[in-house]
Protein chains: 2
Amino acid sequence: MLTREELIEYSDEARKNYLEHISIDCVVFGFHEGQMKVLLLKNIGEEKWYLPGGFVLKREPIEMAANRILKERTGLDQIFLQQFHVFGDPDRSKVHNDMYDGMLPPEKNWFSGRFLTIGYYALVDFFEVTPQADRFSELCGWRDMDDMPKLELDHELIFKTALDTLRLQLNYQPIGYNLMPKEFTMPELQKLYETILDKKLDRRNFQRRILGFGILNRAEQPRKGGAHKAPYLYSFDLEGYKHALTEGFKGGW
Amino acid sequence: MLTREELIEYSDEARKNYLEHISIDCVVFGFHEGQMKVLLLKNIGEEKWYLPGGFVLKREPIEMAANRILKERTGLDQIFLQQFHVFGDPDRSKVHNDMYDGMLPPEKNWFSGRFLTIGYYALVDFFEVTPQADRFSELCGWRDMDDMPKLELDHELIFKTALDTLRLQLNYQPIGYNLMPKEFTMPELQKLYETILDKKLDRRNFQRRILGFGILNRAEQPRKGGAHKAPYLYSFDLEGYKHALTEGFKGGW
DNA sequence: TCAAAAGTGTTCAGGGTACACCCATGA
DNA sequence: TCATGGGTGTACCCTGAACACTTTTGA
């Protein structure tokens, strides 16, 4: 929580630089040790959790704004980002507003206005991210998707919508290039799908189907050293992958 | 095009009532005589065509704003409306701004600001619509989808994105309840699908597939009076339809 | 040598595709 | 009676789902 002076300073800065009434919130998905992770922020001195978010500069395309915001939180550039919904209930930021209400007259306080928020979700490589808190937060870090705290504002809804969109996307687009390390085994990739969908898939059918998409390259040498039979290593075939991204998997009609 | 006085009046009104930087643009699809139609507006005294659009009242949920805007243009309430994308390029409204540039200082002119626009598409019953021009337009009416004029601003892109989204939607949701009259024949419904997808479908396979979705009721009496064999009349089974809307058609994974 | 992980193959059923045939009706 | 539109049925193939067997490897 900011002091009155900090709030004044922040509000003036924000009003000068950012578009009013607009914010961006990001659901950042990562994958590590068979667990789906989401990047969350925790307020200073409070048990209040938020999705990473920010505002749009006055002359900035919204895609770039989302990129910039995520770069500040993760250190990553050129992230896979997908806009998925605008949340525009007039009361959606009510609680947030309340927090700083009374501290300043509304016309002075950046946070007291109404904000529409544009939801983006991102898929990132867990190992490449260096979570970085912002000035409102004492903590920015990964959280297991099946061990999420209660989120403030409508961030619970934003998260849920992002997850639904991601699941839908699995049906007609490839997923994984941004979530997996360069090389991985088939069971590891399967675990990713199982985690996103929250259900078990058949080993053999998964393999056949995924390979059928033509988006994977198999390395010559299998991984060694582990116990049991050495699994093959795969990497994404960027060309096939991008083609599948634009064309989609199944015909439908 | 407005006069200077009208622009001042409009700007003052707008600034008082609407959220700044935000607009809504709607792609309204209708279907008539085997043709897909789109609702367009033509500027007064110019060959400039636009999608119907508007702004969001300061305390209004965005869904309601889209509904209100469409009601003003079509006379219809409770339309099937689907948010599909936000267009946020800072230069997207440049041309539009230019039109009224110089007439007023920017801080006075509502149109000179940057606008993000939220795209909605609507599916409506052609016969129920009474197109109604707004104060900027001399004409509001249906236009055949394969005979579209050039659209101003980025409305071409917005339209195209809406159509793509609609086509994608055909794969996992039922379409037609909002586009067809109460009762219709199977060939008529097929024509709708063919028009949206812009390709021919097999008569028999279409019928089997559509019926398999369990969203249609067949009337006892076939339509009479036409030449040739009398076709059966169908209507949508609202319960099944809504179930299919929420559940979706195909499993995917 | 055995349990567990991983690679590969086979069978079966259901759905999509491509057909052909029959019926009704007005010109 | 025939061209046309419309309803119904069938054969085939492909794909996805379910399932079994073999190979590798460290304990």
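Quantities reported herein were computed from a predicted structural model and do not represent experimental measurements. Each chain gets a letter, A, B and so on, in the order the sequences are listed, and its residues count up from 1.
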Novice: What's the CD-P distance between A/Q190 and C/dA6, to the nearest Å?
Specialist: 10 Å
Novice: Do other residues, nucleotides or ligands put more than 12 heavy atoms under 6.0 Å from the CE atom of B/M145?
Specialist: yes
Novice: Thinking salt bridges, do A/E138 and A/K42 make one under a 4.0 Å N-O criterion?
Specialist: yes
Novice: Using the rule given for side-chain hydrogen bond (donor to acceptor under 3.5 Å, both in side chains), can you reason through A/Q78 versus A/N67, listing the C-alpha separation, both sets of side-chain angles and the distance that settles it, and then say yes or no?
Specialist: CA-CA 7 Å; A/Q78 303 287 26; A/N67 251 301; 5.3 Å; no
Novice: Just how far, in rounded Å, is P of C/dG16 from CZ of B/R209?
Specialist: 5 Å
Novice: To the nearest angstrom, how far is B/N205 atom CG from C/dG14 atom C1'?
Specialist: 14 Å
Novice: Between P on C/dG16 and CG on B/L211, what's the gap in Å once rounded to a whole number?
Specialist: 13 Å
Novice: Where the side chain of B/R208 is concerned, which of D/dG9, C/dC23, D/dA20 is the nearest nucleotide?
Specialist: D/dG9
Novice: Among the nucleotides D/dC19, D/dG7, C/dA6, which one has an atom lying closest to any side-chain atom of A/R204?
Specialist: D/dC19
Novice: Rounded to the nearest Å, what distance is computed from the NZ atom of residue B/K229 to the C1' atom of nucleotide C/dC22?
Specialist: 7 Å
Novice: Has A/R218 got its NZ or CZ under 6.0 Å from the middle of the six-membered ring of A/Y232, at an angle within 45 degrees of the ring axis?
Specialist: yes
Novice: Could you work out which one of D/dG7, C/dG7, C/dG9 sits closest to the side chain of A/P187?
Specialist: C/dG7
Novice: Please state how far atom CD in A/E188 lies from atom C1' in C/dA6, giving the value in whole angstrom units.
Specialist: 12 Å
Novice: Report the distance from atom NZ of A/K191 to atom P of C/dA5, rounded to the nearest whole Å.
Specialist: 12 Å
Novice: If you pin A/D202 and B/P231 to their nearest nucleotides in DNA chain D, which one's is more 5'?
Specialist: B/P231
Novice: Provide, to the nearest angstrom, the distance between the CZ atom belonging to B/R218 and the C1' atom belonging to D/dG7.
Specialist: 8 Å
